[in-house]
Amino acid sequence: MDLEKHPAAPAAPAAPAAPTPGGLRASDADRDRIARILADAVAEGRLTPDEHSERLDSLYARKTVAELDVLVRDLPAPGAAPGSAAAHAPAYAGTGSGARPGSSETVVAVCSSSARKGRWRPPAHTRAVSVMGDIGIDLTQAVFEQQVTEIEVVCVLGNVEVLVPENVTLRGHGSGVLGNFEVSGSGTDSVDPNAPVVIIRGFALLGNIEARPKPGSRLVDLAGKLRDHHR
């Protein structure tokens, strides 16, 4: 009989539990889809402009698919006929592995300058990083292909300026430490609730971040172009 003590074999680590669909972290593509659903709802009269604005403001503060689902739970599925079974299905059920990822771009200026201007197509998400540099993002002649365009800015000892047309809704969420974060005209909705929304999120450390409408600059038939693009 073997009386020698042998240490017990370590137990195999348990496999991490797969997250439930509602607990998945939301992606940029998830948020862009929700923004389009909200735009359709206000165009059909299901939401008032104030309700649309409130839901859109909270869109980027929510972290999971389940939290996004709450924003459109009382809205019909896009393209469903009124009274049909599909019309009573949730408007948003998350995106699977085959979902189209949201477009994105990074603009960097380190002891230099960088600019985006003229007739260009801004992506759904732009990250601008300025370290002792200057960045200019001019959207006054841009062709918007999504309802919501988000620009995330980090500015250290630099300067970042964003210009938008007068009839685009501009919103800002940010702060500065020994620096400046200023979004002029934020909270003023455009006349057409289907017009693009530009959201500036930023942090300035000993730097300057400024976003404002350019006087006299307007996009023509913007809501119609957005609707045509999503058909």
Looking at [atom1] of [X] and [atom2] of [Y], how far apart are the two atoms once the value is rounded to the nearest 0.5 Å?
X    : Y    : atom1 : atom2 : result
L68  : R25  : CG    : CZ    : 11.0 Å
L157 : N208 : CG    : CG    : 12.0 Å
T140 : E166 : OG1   : CD    : 11.0 Å
N159 : S113 : CG    : OG    : 11.0 Å
H125 : E150 : NE2   : CD    : 4.5 Å
L170 : I200 : CG    : CD1   : 5.5 Å

Mind listing the closest non-hydrogen atom pair of [X] and [Y] along with its distance?
X    : Y    : answer
F181 : G202 : CE1-N, 3.6 Å
S184 : P213 : O-CD, 3.5 Å
T126 : V107 : CG2-CG2, 4.1 Å
G158 : S130 : CA-OG, 3.7 Å
A109 : D134 : CB-O, 3.7 Å

Transitive ILVMFWY side-chain link [X] to [Y], under 4.5 Å:
X    : Y    : result
V154 : V162 : no
V108 : I135 : no
W120 : V168 : yes
L163 : I137 : no

*Test Q146 against V148 for side chain to side chain contact (heavy atoms under 4.5 Å, CB included), laying out the working first.*
CA-CA 6 Å; Q146 61 277 332; V148 178; 5.7 Å; no
_E51 (side chain) donor-acceptor with T48 (main chain) under 3.5 angstrom_ =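 Looks like yes, one N/O pair under 3.5 Å.
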*Short question: side chain of D30, backbone of S27 - any donor-acceptor pair under 3.5 Å?*
yes
[Y] and [X], any side-chain heavy atoms less than 4.5 Å apart:
X    : Y    : value
V143 : R119 : yes
V70  : R62  : yes
S175 : F203 : yes

Are the charged groups of [X] and [Y] less than 4.0 angstrom apart, N to O?
X    : Y    : value
R116 : E105 : yes
E182 : R212 : no
D74  : R55  : yes
E152 : R201 : no

*Check against side chain to side chain contact (heavy atoms under 4.5 Å, CB included), V183 and R171*: CA-CA 7 Å; V183 176; R171 303 189 186 281; over 6 Å; no
*Let me see the working for V164 and K214 under side chain to side chain contact (heavy atoms under 4.5 Å, CB included), right down to the final yes or no.*
CA-CA 6 Å; V164 302; K214 182 178 180 179; over 6 Å; no
*Could you walk me through whether L47 and L75 pass the side chain to side chain contact (heavy atoms under 4.5 Å, CB included) check?*
CA-CA 9 Å; L47 293 176; L75 300 175; 4.3 Å; yes
_side-chain contact (heavy atoms from CB on, under 4.5 Å) partner of I151, chosen from I209, V160, I199, L139_ = L139
